[in-house]
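Everything numeric in this text was worked out from a predicted model, so none of it was measured. Chain A is the first sequence line, chain B the second, and so forth, proteins listed ahead of strands; every chain is numbered from 1.
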2 protein chains.
Amino acid sequence: MKNTPLYETSCPIARSLGRIGDSWSVMILRDITAGFTRFDEFQKSCGIAPNILSRRLKDLIDDGLLEKVKYSLSPPRYEYQLTQKGKDFRPVLLALAVWGTKHFSPEGPQLQLVETETHRPLRTAMVDAATGEVVVPEAYSLVPGPAADPIIRYRHAYLRQKKAGVEPLKFTPPEKQG
Amino acid sequence: MKNTPLYETSCPIARSLGRIGDSWSVMILRDITAGFTRFDEFQKSCGIAPNILSRRLKDLIDDGLLEKVKYSLSPPRYEYQLTQKGKDFRPVLLALAVWGTKHFSPEGPQLQLVETETHRPLRTAMVDAATGEVVVPEAYSLVPGPAADPIIRYRHAYLRQKKAGVEPLKFTPPEKQG
DNA sequence: CGGGATCCACCTGGATACTG
DNA sequence: CAGTATCCAGGTGGATCCCG
């Protein structure tokens, strides 16, 4: 999508969206993560127009999520592979699949998470790596980290005041957007 | 975004993308999950044009992720709140934040995951809910579930053949896209 | 202050055709 | 088979103005 402004924000979510913030990019990552590698596989599986697919692949390569590898010399044939950055996108895909299944699949699960080796169905939970205790989404928050810039800090400070009931107050971040 | 075709596919990832498959929708969910509730807060925090924000909010309400609640009678004032469906989107946001921090934040973490109560930094892991053992992304796969339709099944069967090295074979799904 | 309406340049994405 | 090129309708999103 190349939503340029989001590239340059400080928020890591926004930065991610700057790379994959459009449906086709995610669909391509879905397919390649599943095992598709070739142009026309993506095209048919996604139902995407070839020119758009071409652009998206180029963008994903530029952003370092994919690489194009020659697998045949004559005729020259290429396939697309995930880089580590691309492989690391997998948890996002999983989260999307879980969310979609839960809320947009009245007919039941179209997809199911299994252990690859054994085919055993898997139910996952998030735990604190230190204690091993299950962490529910409501129990954690994202707060400014060590490298947080003024925009991130301001936003957090504002929200703290808001939650504390300090009103009225205005949200006017140091610079325009974040 | 209302990418209509994706609404009607069978893949839960695609269905999710049909709802939030554009950057602004996710940015709004980011903000409201963080604690923002009002139109102009979203506008300033995201740096989004008001007309686009208006559309997106409407879409998110239509899709059942948000609801508009009157919190003042005169003058009439509304705020936006997450429904359960919207709250359940949180793991996706977290996954995006983790991915963005790891790969697009050379200066260090702008955001940090902490336990809300104690402010203690949190490192999370995914475990098998049954055994409690840590699951690495490579160890699981998404396979057709109980309610999987022919397109999903065909795609999986094709990929199994592909991985087994059966070549050449053509990907021609039962219907156009999925 | 909390939005909605309008205008408009630009981009997206579908269809189709074409090339190596 | 693996794309690229062209055309074009329609949507997106920024700016601006408006209204209660």
Expressed as a whole number of angstroms, how long is the span from Ile61(B):CD1 to dG3(C):P?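 So the CD1-P distance, Ile61(B) to dG3(C), works out to 10 Å.
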Given DNA chain D, 5'-ward residue of the pair Asn51(A) and Leu57(A), judged by closest heavy atom: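 Its nearest nucleotide lies further toward 5', so the answer is Leu57(A).
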Does a side-chain N-to-carboxylate-O contact under 4.0 Å join Arg15(B) and Glu107(A)?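 Yes, this pair counts.
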How many whole angstroms separate atom CD of Glu79(A) from atom C1' of dA2(D)?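 Going from CD in Glu79(A) over to C1' in dA2(D) covers 13 Å.
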Partners passing side-chain hydrogen bond (donor to acceptor under 3.5 Å, both in side chains) against Asp40(B) (at least two apart in sequence or in another chain):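 side-chain hydrogen bond (donor to acceptor under 3.5 Å, both in side chains) list for Asp40(B), sorted by chain: Lys44(B).
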Are Arg38(B) and dG3(C) close enough that a side-chain N or O sits under 4.0 Å from OP1 or OP2?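 Negative; the distance criterion is not met.
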The side chain of Ile52(B) lies closest to which of these nucleotides: dG3(D), dT12(D), dG2(C)?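 Nearest to the side chain of Ile52(B) among the choices is dT12(D).
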N or O in side chain of Arg77(A) less than 4.0 angstrom from dC1(D) OP1/OP2: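 No, Arg77(A) has no side-chain N/O under 4.0 Å of OP1/OP2 on dC1(D).
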Candidates dG4(C), dC1(D), dG3(D) - which lies nearest the side chain of Phe39(B):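 Side chain of Phe39(B) sits closest to dG4(C).
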Interatomic distance, Ile28(A) CD1 vs dG3(D) P [rounded to whole Å]: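 After rounding, the gap between these two atoms is 12 Å.
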Could you tell me the separation between the NZ atom of Lys70(A) and the P atom of dC1(D), rounded to a whole number of Å?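 To the nearest whole Å, that distance equals 19 Å.
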So how far is it from Thr33(B) OG1 to Ile13(A) CD1, rounded to the nearest 0.5 Å?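 One finds 8.0 Å between OG1 of Thr33(B) and CD1 of Ile13(A).
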Measure NZ/Lys68(A) against P/dA2(D) and give the value in whole Å, please.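 The distance from NZ of Lys68(A) to P of dA2(D) comes to 11 Å, rounded to the nearest Å.
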Of the candidate nucleotides dA2(D), dG2(C), dG4(C), which contains the atom at the shortest distance from the side chain of Pro50(B)?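 The nucleotide sitting nearest to the side chain is dG4(C).
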Using a heavy-atom cut-off of 4.0 Å across all strands, would you classify Tyr80(A) as base, sugar-phosphate, or nothing?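 Answer is sugar-phosphate: Tyr80(A) comes under 4.0 Å of backbone atoms only.
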Indicate, with yes or no, if the rings of Phe171(A) and Tyr154(A) have centres closer together than 6.0 Å.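 Here the rings of Tyr154(A) and Phe171(A) have centres that are less than 6.0 Å from each other.
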Counting any heavy atom closer than 4.0 Å, what does Phe171(B) reach on the DNA or RNA strands: base, sugar-phosphate only, or nothing?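 The residue Phe171(B) makes no contact with any strand.
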Ion pair present between Asp22(A) and Arg56(A), side-chain N to carboxylate O less than 4.0 angstrom?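 Answer for the salt bridge query: yes.
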Distance, rounded to the nearest Å, where Phe42(B) contributes CZ and dG4(C) contributes P: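 Going from Phe42(B) (CZ) to dG4(C) (P), I get 12 Å.
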Length of the line joining Leu53(A):CG and dA5(D):P, which is rounded to integer Å: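 Value for this atom pair: 15 Å.
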Let me know the distance between CD1 of Ile48(B) and C1' of dG14(D), rounded to the nearest Å.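 Distance check: Ile48(B) CD1 to dG14(D) C1' gives 11 Å.
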When all nucleic acid strands are considered with a 4.0 Å heavy-atom cut-off, which category describes Lys58(A): base, sugar-phosphate, or nothing?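 The residue Lys58(A) makes sugar-phosphate contact but no base contact.
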Nucleotide of dG14(C), dG4(C), dG14(D) approaching Ser54(B) most closely (side-chain heavy atoms):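 Output: dG4(C).
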Arg55(A) side chain, from C-beta outward: closest of dC1(D), dG4(C), dT12(C):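 Selected nucleotide (nearest to the side chain): dT12(C).
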